[in-house]
*Asks:* 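Sharing a structure, written as structure tokens. Questions coming.
Values below: every heavy atom of this structure, side chains too, minus hydrogens, waters and symmetry copies. These numbers were taken from a predicted model, which means no experiment stands behind them.
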Amino acid sequence: MKRRAWLTLGAVVLGGGGVVTYAVASPSSDPGAAGRAKRPAKVYDLALRGGTGDKRELPRTDTQPFSMLGVSWTGATKRLDGVAQVRTRSLKTGQWSAWQDLELNVDPLENPGVGVRGASEPLWVGPSDGMQVQVIRKNGTSSSALPKGLEVNLVDPGVLTDAETKAGGTAAEPAAFVADVSPGATASAPTDSATPSDGTTAAPTDGQTTTSPAATDTTPAATDSVPPSASASPTDSVPPSDPASPTDSVSPSPSTSSSAPPSAPPSTVPEPPIVSRADWGADESISPEAPEYTADVKAIFVHHTDGANDYSCADSPSIIRSIYAYHVQVSGWKDIGYNFLVDKCGTIFEGRKGGVDLPVFGAHTYGWNREAAGVAVLGDYTTTSATNATLASVARLAAWKLGQYGADPAGTTQLTAGADQHNYFNTNFTAGSKYTFQRISGHRDGYNTQCPGGLLYDQLPTIRTWASGPVQGLKVGSVDGAALSGSTYYTKGGITVRWTATTPASLISKFELLVDGKSVATTSGTATSAGVTLALGSHTVAVRAVHQSGRTATSAALSVVAETTAPAFTTNPILSLRSGTVSTSAIPVTLGWKATDDKALRYVKLLSPTTATFGPTTTTSNSTAKSGAATIWSMRAYDYASNYRTSSPSYTPVILQETAATKSGSWTARSSTSYLGGQSYSSGSKGASLTWTFTGRSAAWVVSRAASSGQAYVYVDGTKISTVDLKSSTTLYRQAIWTKTWSSSAKHTIKIVVVGTSGRPTVTTDSLVYIK
């Protein structure tokens, strides 16, 4: 391949007797930073000629920055039966990576051209300035020798696009190896202690030795390699010929066999945003041949590109330029093999030239290229799942491309095999025969490889479902402006319905809000809510999602009642006295009420003199009230539609001291701070009495209690209604021991009479409390 006319070539003799070719940029190719800022992606080669017959290697070698590498060899039909491993030094940290396997089980080309080389998959390693390589024949005993012309190929991604620059992407400087050596000068062999051209030491900083690991039976197998049971992978013989297959060659002039561009059929779904070749910085001068076309696109094969997943999405154009340069300038293909590429952020890039809306003949899935398009996801998905953004973009792309030919992305199709081979699952294919494939398939479905990685392969059903529709996982999450009681929502009329769906919004055409089965509001596919004002009465409310394919999904219908009738207090809040300890600032009381609603009562709130919220079945609450103060006890009843009614009666607890009573018999005044007002009346005389008259609706007799306390009769409005025993094991003061409540306020008389209980006749009374 004649692609490095701008390089001065030299050689370095290695300790093992091998020769490493190196390249030094000539002065005319490096006019300074301004010139470098416009440079294309470049590929640089180092020959692997050292080592034994079963091994080729290159010790740690300092380089100028590169970001992608692979190994290649003479003859596209030759297979490298073994492993190829690389280590690289990070330009940012100076640390050497662990050994990484290069994927060697690459799909062969159908009818490869004379100049096409065999090559591993390229590996994106990010900006690096040093590398070490070893290629080991399988077990060291294989009957197939290592192929000739082994090279390590380094790729500098070249210039940043405008988009990369704005996104903060990085570009490596041009790669130049070992040192700047003038023609005719002698260069020393590169070693782990070789000095880079900037004078800094190249000794590794991770403390590892420079000796390559020996080849053993436990040497890691290459990623995406053929399973041990597989035996039908291509051999050194020419693959079965496909007469109608194009040739990926390095012919410097456009192919005369290229078919004329067909018309671009319209698709049933919108075209997703696609970054053009110009925008990701494709150097069109390196692939001058015209594109070729197939009749249509019956299927999409999903791939992964291998390499690290921690790349920045700002560097995606650099990765794609590197893959492009590798496919063309290392492998000798006419163009990048994939029709499209997608990064982990979901950005879609145009791959092989010829028109994104046309059936461009790619080079991605051996034996199946003439009836399918290939989309590659940047990264390695053997141990990592693809992001939802990636899956959504692959789904959009596949739906659009297949939609041009009326194909359902979730369906199947018949593809004609272009070669005798088998796939990852050991399904045998015979050239010329038809086989059933999913419209969206994985690389491994058509060829014996692990690609696109087990975890991405497991996500293909999600891609098919998202691409085909209808919208998945549609459900209403909430209804603002309404409250749920049982299975029914209640509202005054205005509601906002909120929903979620698992299908990405980019694949959804619109949402419709349905009331009683009719659309009342339409939103975009990115919306998550819509509002409507309902007429009074009962309704069904649902959400319909329209997929970009036109297929619809409707959420479960909700029952919603619009009503404006407020709740009612069938019993207004009533304050009653209760038993307990009495003070002037805290008289124990009970608040009672009863509220109802014609639909569904939700809760009742106490608004004053304090606040509390009660459930719909609660009708009482204990509290305390201040003596002598008129207090408004305001309550509000709410229904589920947020209709409400308020009731705010006022009550005043009053303490009638014992001195306010009419006395009969002998009573003794006692003084103590423990008594209400500082004093009380005490009597042990049988028949002694105290009588209070008041106008109110509730009353409580307040006493002191002790072990020696006796009993008293209680008369209400002249009728004896109770005998009260004041005895207590502990001494207690200011105790409301007896209470009485009436349905309404009226004038009442309370009389207490000393019983004269044997052995404990004394009764000590403190006061009478009533509510007016």
*Asks:* Measure the OG1-CZ distance between T63 and R89 for me, rounded to the nearest 0.5 Å.
*Replies:*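 Reported value, rounded in 0.5 Å steps: 7.5 Å.
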*Asks:* Rounded to the nearest 0.5 Å, what separation is found between the CD1 atom of I336 and the OG atom of S287?
*Replies:*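 Rounded to the nearest 0.5 Å, the CD1-OG separation comes out at 10.0 Å.
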*Asks:* Give me the atom names and distance for the closest heavy-atom approach of V71 to Y326.
*Replies:*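 The pair with the smallest heavy-atom distance is O-OH, 3.3 Å.
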*Asks:* With a 4.5 Å heavy-atom cut-off, do V377 and Q459 have their side chains touching?
*Replies:*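 No - every pair of side-chain heavy atoms lies 4.5 Å or more apart.
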*Asks:* Check L48, L80, I136, D81 against L146 for a side-chain contact (heavy atoms from CB on, under 4.5 Å) and give me the one that passes.
*Replies:*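 The option that passes is L80.
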*Asks:* Can you tell me how far the CG atom of N339 sits from the NE2 atom of H364, to the nearest 0.5 Å?
*Replies:*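 That separation rounds to 4.5 Å.
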*Asks:* May I ask you to test the V133-T61 pair for a side-chain heavy-atom distance under 4.5 Å?
*Replies:* no
*Asks:* Hey, are the side chains of L102 and E121 touching, using non-hydrogen atoms and a 4.5 Å cut-off?
*Replies:* no
*Asks:* Would you mind reporting whether N369 and F361 have side-chain heavy atoms less than 4.5 Å apart?
*Replies:* yes
*Asks:* Would D279 and E350 satisfy side-chain contact (heavy atoms from CB on, under 4.5 Å), going step by step from the backbone distance to the final call?
*Replies:* CA-CA 9 Å; D279 284 341; E350 178 184 9; over 6 Å; no
*Asks:* Distance check, rounded to the nearest 0.5 Å: L456 atom CG versus T382 atom OG1?
*Replies:* 10.5 Å
*Asks:* Let me know which of K353, R352, R277 forms a side-chain hydrogen bond (donor to acceptor under 3.5 Å, both in side chains) with D335.
*Replies:*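 Going through the options one by one, the only one that passes is R277.
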*Asks:* Side chain of S67, backbone of D156: donor and acceptor closer than 3.5 Å?
*Replies:* no
*Asks:* Where is the tightest heavy-atom contact between A467 and I440, given as atom of each residue plus distance?
*Replies:*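 So the minimum-distance heavy-atom pair works out to CB-CD1, 4.1 Å.
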*Asks:* Start with the C-alpha distance between N153 and Q329, add both sets of side-chain angles, then the distance that settles side-chain contact (heavy atoms from CB on, under 4.5 Å), and finish with yes or no.
*Replies:* CA-CA 9 Å; N153 311 104; Q329 296 181 285; over 6 Å; no
*Asks:* Checking V356 against I348 for the side-chain contact (heavy atoms from CB on, under 4.5 Å) test, could you report, in this order, the C-alpha distance in whole Å, the side-chain angles of both residues, the deciding distance, and whether it holds?
*Replies:* CA-CA 11 Å; V356 295; I348 304 173; over 6 Å; no
*Asks:* One pair to check against side-chain hydrogen bond (donor to acceptor under 3.5 Å, both in side chains): Y311 and S318. What are the steps and the verdict?
*Replies:* CA-CA 10 Å; Y311 62 88; S318 291; over 6 Å; no
*Asks:* Using only atom types and a distance under 3.5 Å, with no angle test, would you say the side chain of H443 pairs donor to acceptor with the backbone of C451?
*Replies:*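 Answer holds: no.
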*Asks:* Under a 3.5 Å distance rule, please check whether S97 uses its side chain to pair with a backbone N or O of T88 as donor and acceptor.
*Replies:*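 Between the backbone of T88 and the side chain of S97 there is a qualifying donor-acceptor contact (under 3.5 Å).
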*Asks:* Using modelled atom types only, decide if a donor and an acceptor are shared between the side chain of H304 and the backbone of P452 within a distance under 3.5 Å.
*Replies:*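 Yes.
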*Asks:* Examine distances only and state if a side-chain atom of H327 and a backbone atom of G337 form a donor-acceptor pair shorter than 3.5 Å.
*Replies:* yes
*Asks:* Quick one: does any side-chain atom of R117 pair with a main-chain N or O of G332 as donor and acceptor, under 3.5 Å?
*Replies:*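 Side chain of R117 to backbone of G332, a donor-acceptor pair under 3.5 Å: no, none is there.
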*Asks:* Can R396 and S393 be counted as having a side-chain donor-acceptor contact under 3.5 angstrom?
*Replies:*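 Absent: no donor and acceptor within the cut-off.
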*Asks:* Looking only at heavy atoms, which two atoms of Y324 and I286 are closest? And how far apart?
*Replies:* OH-CG1, 3.4 Å
*Asks:* Which pair of heavy atoms, one from V330 and one from A119, lies closest together, and at what distance?
*Replies:* CG1-CB, 4.4 Å
*Asks:* On the 0 to 90° scale, with breaks at 30° and 60°, tag the F429-W368 ring pair as parallel, tilted or perpendicular.
*Replies:* perpendicular
*Asks:* Does the side chain of L460 reach to within under 4.5 Å of the side chain of Q438, using non-hydrogen atoms?
*Replies:* no
*Asks:* Closest heavy-atom contact between P317 and F349?
*Replies:*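 For P317 and F349, the tightest heavy-atom pair comes out as CG-CE2, 4.2 Å.
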*Asks:* To the nearest 0.5 Å, what is the distance between CG (L378) and CD1 (I319)?
*Replies:* 5.5 Å
*Asks:* Quick one, R439 with R464, criterion side-chain contact (heavy atoms from CB on, under 4.5 Å). Give me CA distance, side-chain angles, the key distance, then yes/no.
*Replies:* CA-CA 8 Å; R439 291 283 189 181; R464 295 182 193 113; over 6 Å; no
*Asks:* Can you tell me if S128 uses its side chain to pair, donor with acceptor, with the backbone of G126 under 3.5 Å?
*Replies:*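 Yes, the answer is positive, given that a donor and an acceptor are paired below the 3.5 Å cut-off.
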*Asks:* Can you measure from CD1 (I300) to NZ (K401) and round to the nearest 0.5 angstrom?
*Replies:* 7.5 Å
*Asks:* Does D101 reach the main-chain N or O of V83 with its side chain, forming a donor-acceptor pair under 3.5 Å?
*Replies:* no
*Asks:* Give the minimum heavy-atom separation between A84 and V135, together with the two atoms involved.
*Replies:* CB-CG2, 4.0 Å
*Asks:* Do side-chain atoms of W73 reach the backbone of K78 as a donor and acceptor pair under 3.5 angstrom?
*Replies:*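 Answer holds: yes.
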*Asks:* Would you mind reporting whether N423 and N448 have side-chain heavy atoms less than 4.5 Å apart?
*Replies:* no
*Asks:* Got V125 and F66 here, is their nearest side-chain heavy-atom distance under 4.5 Å?
*Replies:* yes
*Asks:* Side chains of W466 and N388, heavy atoms from C-beta outward: is any pair under 4.5 Å?
*Replies:*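 A side-chain contact under 4.5 Å exists here.
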*Asks:* Can you spot which of Y381, Y424, F425 makes a ring-ring contact (aromatic ring centres under 6.0 Å, His included) with Y457?
*Replies:* F425
*Asks:* Sub-3.5 Å donor-acceptor pair from the side chain of D445 to the main-chain atoms of F437, do we have one?
*Replies:*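 Not a single qualifying donor-acceptor pair exists.
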